[in-house]
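A short write-up of the structure that comes next.
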Amino acid sequence: MSGQFSRVAALLLEGQPGTSVSVSGWVRTRRDSKQGFSFIELNDGSCMANLQVVVDADVPGYADVIHDVTTGSSLSITGELKESPGAKQRVELQASSIELLGTADAESYPLQKKRHSFEFLREIAHLRPRTNTFGAIARVRNCVCYSIHNFFQTRGFLNVQTPIITTSDCEGAGEMFTVTTLLNELRVESGESRAGESSEALSSQLSTLNWTDDFFGKRASLTVSGQLEAEIYATSLGPVYTFGPTFRAENSNTARHLAEFWMVEPEMPFCDLDGDMQLAEDFIKTIIRDALDQCADDMEFFNQRIEKTVLETLNNILEHEFKRISYTEAVDIITATDRKWEYPVTWGDNLQAEHERYLTEEHFKQPMIVFDYPRSIKPFYMYCNDDGKTVRAMDVLVPRVGEIIGGSQREHRLDVLDTRLQECGLDSEEYWWYRDLRRYGTVPHAGFGLGLERMLLLLTGMQNIRDVIPFPRTPKHAEF
RNA sequence: UGCGGUGUAGCCCAAUGGUAAGGCGGCUCCCUGUUAAGGAGACGAUUGCAGGUUCGAAUCCUGCCACCGCAGCCA
């Protein structure tokens, strides 16, 4: 086992008949002929397609192992690549030796040669990457991550690692998970006593806890955004981006939310909201173009089996400019229709999902950017417009997924920032270092956050965000 | 967290108070350069859990648990 194995993707694409190769992978299905040979569909994850392996009965060990070559079992096979008489593949492998690495009891192996519901597959997240759909998702996700780095690197952005554990509260981004070692000290363990007793004992002990005794000497949390820290580097080194996990302790139970997800956050100095919106549009289009380019087979699969309109939607996005309208115009459009809304909108309200969906799916039928939101519904750090009512915020909305990017030009004027901190009821002392960036050499700057998993929903046509991340974390779920 | 829905065989599901049905998978056999292979057969279920109503409960009632959808929070 020296790793001298060919990948199926390469063999199918450019393998030459007559060459001797070794492959290793997992069996998708086996078809036997009693005349004395078997077809094995072998998948090694390198691509959607399987390699068809033909094993004649005179291959050493054939009779011993073939019965155990079941769906899910693992094999190494050596043989000669041949032109395939069958119509469905250019080449196939004529085996000369076969080694069964691991069996998979057909009775108990959960994956069958048939369609499974995504709900069921979520319960076996350790096996679901062996399916066509989740293999394709993993490859496209990988492609997107590469594309993201490539997009920024070729534009001179610096990749900055912002902290996952933080003591700064990026206001407005939601509930945070507390990071503490204080509980390690507690003697009560839930299994030891009955629930009522333990929680009583627990709460009496909890009441004596003090954050100053904690590991960091103050309350620490998992990050909800790397933006504030990214601003530090952006206002020192030029354009930067962060790309990492983000955590929200919201008890949200939807197909679009995760407690742990991946976010990309570019931050650009000497940049206003127009530049920010332009970057967001170029960014999304580049990711789409790369995925269509580099994962053509997987994307074709999504279009055929998951969502019939995916390719059409993506191509439509590439061909059109994103529609840009102000929040005020958006409200006008929404109130001008005679449609009945569950939540009627008046200027100053948050746009509801039904409104955003109407705008992007029905009114414009393409991605769009809504900008200049009321300052009363947006966080303290966004740049205040001269009208005194709005801030330079923008949301990118796409059909079927909704908000995929949220961003803004940042408030770089210290006096205005202080006013906003006060308006939002925040203690400016807590933001001393953030204020310093405005005290010393402040510059206009802007940035946004893209939810990686939401981008994947758009690309793949998958409907539930839990199915585009390998190990989804949602309320009551962290099994794998 | 709120509202709504659903829990029946490994999977997808039918059965609205009266013998728990069908399909797929797996298993056995037959056929076959096959490829979502084809044909035949046998097997497979304490109907989510705990109570209750009833001669009788998958079905009705109560509680709990789990999952799904929609909404809010946002990416």
Side-chain angles (χ1 to χ4, degrees), chain A residues 28-42 49-56 67 70-72 82-89 92 94 104-124 127 132 170 172-176 224-227 243-265 280 305 342-343 350-357 377-379 395-398 401-407 448-458 463-466 468-469 474-477:
Chain A
R28 284 297 172 80
T29 180
R30 184 190 95 221
R31 295 178 294 271
D32 293 330
S33 166
K34 276 292 182 294
Q35 309 303 323
F37 60 94
S38 297
F39 295 101
I40 296 170
E41 295 285 338
L42 196 74
N50 305 317
L51 178 66
Q52 174 162 286
V53 182
V54 183
V55 190
D56 284 332
H67 184 76
T70 57
T71 301
K82 300 179 72 170
E83 273 182 48
S84 178
K88 300 213 171 180
Q89 58 276 321
E92 63 187 26
Q94 184 75 43
D105 177 39
E107 196 91 31
S108 62
Y109 186 62
L111 293 176
Q112 304 168 355
K113 295 189 301 183
K114 55 173 248 181
R115 223 192 128 89
H116 283 108
S117 68
F118 293 130
E119 288 85 354
F120 172 66
L121 291 172
R122 248 171 257 154
E123 294 169 8
I124 50 168
L127 295 173
N132 285 335
C170 191
E175 288 295 309
M176 305 173 86
V224 291
S225 168
Q227 177 201 316
F243 187 7
T246 307
F247 307 87
R248 304 278 163 89
E250 300 287 342
N251 188 10
S252 30
N253 219 296
T254 79
R256 293 179 302 283
H257 291 85
L258 291 164
E260 176 182 297
F261 63 98
W262 283 65
M263 188 153 66
V264 185
E265 297 180 284
R305 303 293 288 270
E342 194 180 343
Y343 300 95
N350 259 312
L351 298 182
Q352 303 291 313
E354 59 174 339
H355 308 132
E356 296 183 343
R357 222 178 301 121
I377 58 171
K378 288 294 180 184
D395 283 355
V396 179
L397 310 176
V398 297
V401 177
E403 182 180 345
I404 198 169
I405 279 179
F448 62 79
L450 170 105
L452 176 66
E453 286 77 19
R454 289 191 180 171
M455 187 68 214
L456 282 161
L457 290 179
L458 176 67
Q463 296 195 337
N464 197 309
I465 201 163
R466 297 162 200 186
V468 294
I469 188 168
T474 53
K476 303 274 192 293
H477 287 281

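Throughout, a chain's letter reflects where its sequence line sits, starting with A, and its residues are numbered from 1. Just so it is clear, the values below take in all heavy atoms, side chains as well, and ignore hydrogens, waters and symmetry mates. Since the structure is predicted, the reported quantities are computational estimates derived from the model, not experimental observations.
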Pair pattern of RNA chain B in dot-bracket, where unpaired bases get dots and | marks partners in another strand, Watson-Crick or G-U under 3.5 angstrom: (((((((..(((.....[...)))..((((.......))))......(((((..]....))))))))))))....
Partner residues of A:E265 under the side-chain hydrogen bond (donor to acceptor under 3.5 Å, both in side chains) criterion, sequence neighbours left out: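 With sequence neighbours excluded, A:E265 shows a side-chain hydrogen bond (donor to acceptor under 3.5 Å, both in side chains) to A:S225, given in chain and number order.
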Contacts of A:E260 that satisfy side-chain hydrogen bond (donor to acceptor under 3.5 Å, both in side chains) - sequence neighbours left out: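 Checked A:E260 against side-chain hydrogen bond (donor to acceptor under 3.5 Å, both in side chains); zero matches.
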Give the rounded distance in Å between these two atoms: [atom1] of [X] and [atom2] of [N].
| X | N | atom1 | atom2 | value |
| --- | --- | --- | --- | --- |
| A:H477 | B:A66 | NE2 | P | 9 Å |
| A:E356 | B:A75 | CD | C1' | 12 Å |
| A:Q227 | B:A75 | CD | P | 9 Å |

What protein N or O atoms touch nucleotides 9-11 of chain B N or O atoms at under 3.5 angstrom, if any, and at what distances?
unit_1, atom_1, unit_2, atom_2, d
B:G10, N2, A:Q112, OE1, 2.7
B:G10, N2, A:Q112, NE2, 3.1
B:G10, N3, A:Q112, NE2, 2.8
B:C11, O2, A:K114, NZ, 2.4

Which part of the nucleic acid, if any, lies within reach of [X] when heavy atoms closer than 4.0 Å are counted: base, sugar-phosphate only, or nothing?
| X | value |
| --- | --- |
| A:I404 | sugar-phosphate |
| A:R466 | sugar-phosphate |
| A:R305 | nothing |
| A:I405 | sugar-phosphate |

Holding to side-chain contact (heavy atoms from CB on, under 4.5 Å), I want the full list of residues that pass it with [X], two or more places apart in sequence or in another chain.
| X | value |
| --- | --- |
| A:E83 | A:P17 |
| A:S117 | A:E119, A:F120 |
| A:N464 | A:R122, A:A255, A:R466, A:D467 |

Atom pairs under 3.5 Å, N or O on each side, protein against nucleotides 1-8 of chain B: can you list them with distances?
unit_1, atom_1, unit_2, atom_2, d
B:U1, OP1, A:N251, ND2, 2.3

Partner set under salt bridge (charged side-chain N to carboxylate O under 4.0 Å, His left out) for A:E41, not counting sequence neighbours: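 Once residues adjacent in sequence are excluded, the partners of A:E41 under the salt bridge (charged side-chain N to carboxylate O under 4.0 Å, His left out) criterion are A:R31.
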Under the salt bridge (charged side-chain N to carboxylate O under 4.0 Å, His left out) test, residues paired with A:R357 that sit two or more places apart: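 Per chain and number, A:R357 pairs via salt bridge (charged side-chain N to carboxylate O under 4.0 Å, His left out) with no residue.
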Base-contact (B) and sugar-phosphate-only (S) positions in nucleotides 29-42 of chain B, heavy-atom cut-off under 4.0 Å, - elsewhere: ---BBBBSS-----
Whether over 12 other heavy atoms sit under 6.0 Å from A:Q463 CD: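 At most 12 heavy atoms, drawn from other residues, nucleotides or ligands, come within 6.0 Å of this atom.
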All ring pair (Phe, Tyr, Trp, His ring centres under 6.0 Å) counterparts of A:Y109, not counting sequence neighbours: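 Expected list: none.
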